[in-house]
Amino acid sequence: MTVVKNVVKDRVFQITAILAVLSLFLARPHLADINFSTLWSLLGMMTIIQIFEYLHVLDYLTYRLTSHATNSRQLSWFFVLLSFVGAMFLTNDMAVLTCIPLYLRIARKYDLPEIIPVTAIAIAANFGSALTPFGNPHNIFLMSKFHISLGQFGAWVWPLVIADVIFLALLSSLVPKRPVPTVPIVDIRINPRPTTITCIAALLVFVAVFGVIPQWVAALVVVALAAMMDHRILGQVDYAIIFTFVGFFVIVSDISQVPVVVSTLKHLETSPVSVYLTSIVTSQVISNVPSTVLVARFSNQVAALFYGTNIGGLGTLVASLCNLLAFKQYGLYSKRSKTRFLVFFTFINFVALAVMGVLGWWLLVR
């Protein structure tokens, strides 16, 4: 029952479910439009994330890194780095939900800057998750739908890595230097054996994304591993994102049968640049995950879609679920003005969108 309640009360799922029901008045969805490979990959990845959470891997790394910080700028950079790397392997949502609450608890205790560090952590999570095939759900979808090779994915990603690190370093340099006491290491221990086994299971999910083994095989292996460790892990898996994707597939299947929608999107998506710009703009309004599913229905310009939806996660608060989670965590753990944070958070995000947007355009047209 707890699993069902968690799914039902998920706000993104609620909105998607309502839109999916409304879309049924337009047409009937086709079963072939539901990408089951993506759903299996999501199940495997979401389960892996909860196993790592159960093993306290990210918490351990966080305290180990931050215990060496001597000033507020260094402390924020450690958190940004951890968010960036953590999002690459454990999704941007997980990185934000772990790093922001912990940073804000430290910041409140020692009266440290909050707005720029928290914004940088969120942007790092968005950047980092874009750089691996399983860092965010829409990359998993793109890998499954278009069968992108690891070499091709790497060729798209490496310029973004360089630009991302430079941007985050410049943003972190704006944090004023204030001395902070050494943050003590909390007594968190990780068990090497289950952690190693989980890493191997994660590798199975990774190779399944590239079609080396069936996605359902990797997912069932991971689910079995979680059940053997502690059956309660399965109760904490984010099943809402899986059902949300089912809703996305239904919505896109229905509206893609509407002639006006088809003609409009086909007209917009006649070139890589138009697909790129459409992906960014729609991401600002409906978030980058549903934008990926929608635009992919009408275009095979995969590079443009990859750059557009990943870069499109920057910008508005709804451009990425990661942004919404960052704002929510700030409201929960900070005593300072949420309005002021939202203004600066949005401004910095649009600066990042402009910088990375130009880079993405150049990568497409060069």
Side-chain angles (χ1 to χ4, degrees), residues 12-13 16 19-20 23 29-49 87-94 126 128-150 152-153 156-157 160 205-216 218-219 222 237-256 265 269 275-276 278-280 282-283 286-313 319-322:
V12 177
F13 169 74
T16 305
L19 293 176
S23 73
H30 298 146
L31 185 62
D33 291 333
I34 298 178
N35 192 314
F36 288 98
S37 296
T38 299
L39 300 180
W40 281 115
S41 295
L42 285 173
L43 175 60
M45 198 60 221
M46 294 301 107
T47 306
I48 283 290
I49 289 169
M88 291 172 65
F89 302 100
L90 299 176
T91 76
N92 50 9
D93 299 345
M94 188 66 180
N126 268 323
S129 67
L131 305 182
T132 59
F134 44 78
N136 51 46
H138 56 279
N139 275 359
I140 292 176
F141 168 72
L142 289 174
M143 299 300 295
S144 299
K145 181 175 178 61
F146 295 105
H147 307 290
I148 304 166
S149 69
L150 182 59
Q152 181 61 77
F153 188 88
W156 291 340
V157 157
L160 294 181
V205 176
F206 173 76
V207 298
V209 169
F210 291 96
V212 178
I213 61 174
Q215 284 93 336
W216 65 268
V222 172
V237 173
D238 186 9
Y239 298 104
I241 187 64
I242 300 171
F243 287 107
T244 298
F245 252 85
V246 174
F248 291 157
F249 291 138
V250 170
I251 293 168
V252 171
S253 180
D254 289 341
I255 66 175
S256 63
L265 286 175
E269 298 170 16
V275 171
Y276 174 68
T278 301
S279 301
I280 290 179
T282 54
S283 294
I286 63 173
S287 185
N288 56 358
V289 175
S291 174
T292 307
V293 179
L294 177 62
V295 179
R297 173 74 177 177
F298 301 95
S299 174
N300 61 357
Q301 301 283 352
V302 191
L305 190 54
F306 168 80
Y307 286 127
T309 53
N310 279 293
I311 293 173
S320 168
L321 178 59
C322 173

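Values reported hereafter were calculated over all heavy atoms of this structure, with side chains retained and with hydrogens, waters and symmetry mates removed. For reference, positions follow the sequence shown, starting with 1. Just so we're clear, the structure is a prediction, and the values are computed from it rather than from any experiment.
Put simply, CZ on Phe306 and CD1 on Ile148 are 8.0 Å apart, with the number rounded to the nearest 0.5 Å. Remark: Phe146 CZ to Ser299 OG distance equals 7.0 Å, nearest 0.5 Å. One distance of note links CG of Leu39 with CD1 of Ile140; it measures 10.5 Å at 0.5 Å rounding. Distance check, rounded to the nearest 0.5 Å: OG1 of Thr16 to CZ of Phe243 gives 13.0 Å. Here Thr282 contributes atom OG1 and Leu294 contributes atom CG; the two are 6.5 Å apart, rounded to the nearest 0.5 Å.
Listed by chain and residue number, Asp254 satisfy the side-chain hydrogen bond (donor to acceptor under 3.5 Å, both in side chains) test with Ser23 (two or more places apart in sequence, or in another chain). Taking Ala208 as the reference, Ile213, Gln215, Ala218 meet the side-chain contact (heavy atoms from CB on, under 4.5 Å) condition, with sequence neighbours excluded.
Among all heavy-atom pairs drawn from Ser320 and Asn288, the shortest one is CA-OD1, 4.1 Å. Closest approach of Ala296 and Lys145 over heavy atoms only: O-CE, 3.5 Å. Closest approach of Leu131 and Phe153 over heavy atoms only: O-CE2, 3.5 Å. Shortest non-hydrogen contact noted between Leu43 and Ile242 is CA-CD1, 3.6 Å. Closest of all the heavy-atom pairs between Gly313 and Ala319 is O-CB, 3.6 Å. Of all heavy-atom pairs spanning Asn139 and Ala130, the tightest one is ND2-O, 3.3 Å.
The backbone N or O of Met88 lies less than 3.5 Å from a partner atom in the side chain of Thr132, making a donor-acceptor pair. Side-chain N or O atoms of Ser41 include one that pairs as donor or acceptor with a backbone N or O of Ser37 at under 3.5 Å. Panel note: side chain Thr309, backbone Ser279; no donor-acceptor pair is recorded below 3.5 Å. For the pair Tyr239 (side chain) and Met46 (backbone), a donor-acceptor distance under 3.5 Å is absent.
Counted within 6.0 Å of CH2 on Trp216, heavy atoms from surrounding residues, nucleotides or ligands total 12 or fewer; the atom is thus considered open.
Contact annotation: the side chain of His138 approaches that of Asn310 to within less than 4.5 Å [non-hydrogen atoms, C-beta and beyond]. Residues Ile48 and Phe89 are not in side-chain contact: their nearest non-hydrogen atoms beyond the backbone lie 4.5 Å or more apart.
Pro29 pairs in a side chain to side chain contact (heavy atoms under 4.5 Å, CB included) with only one of the listed residues (Val250, Val246, Ile251), which is Val250.
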Derivation and outcome, ring-ring contact (aromatic ring centres under 6.0 Å, His included), residues Phe249 and Phe141: CA-CA 11 Å; Phe249 291 138; Phe141 168 72; 5.7 Å; yes

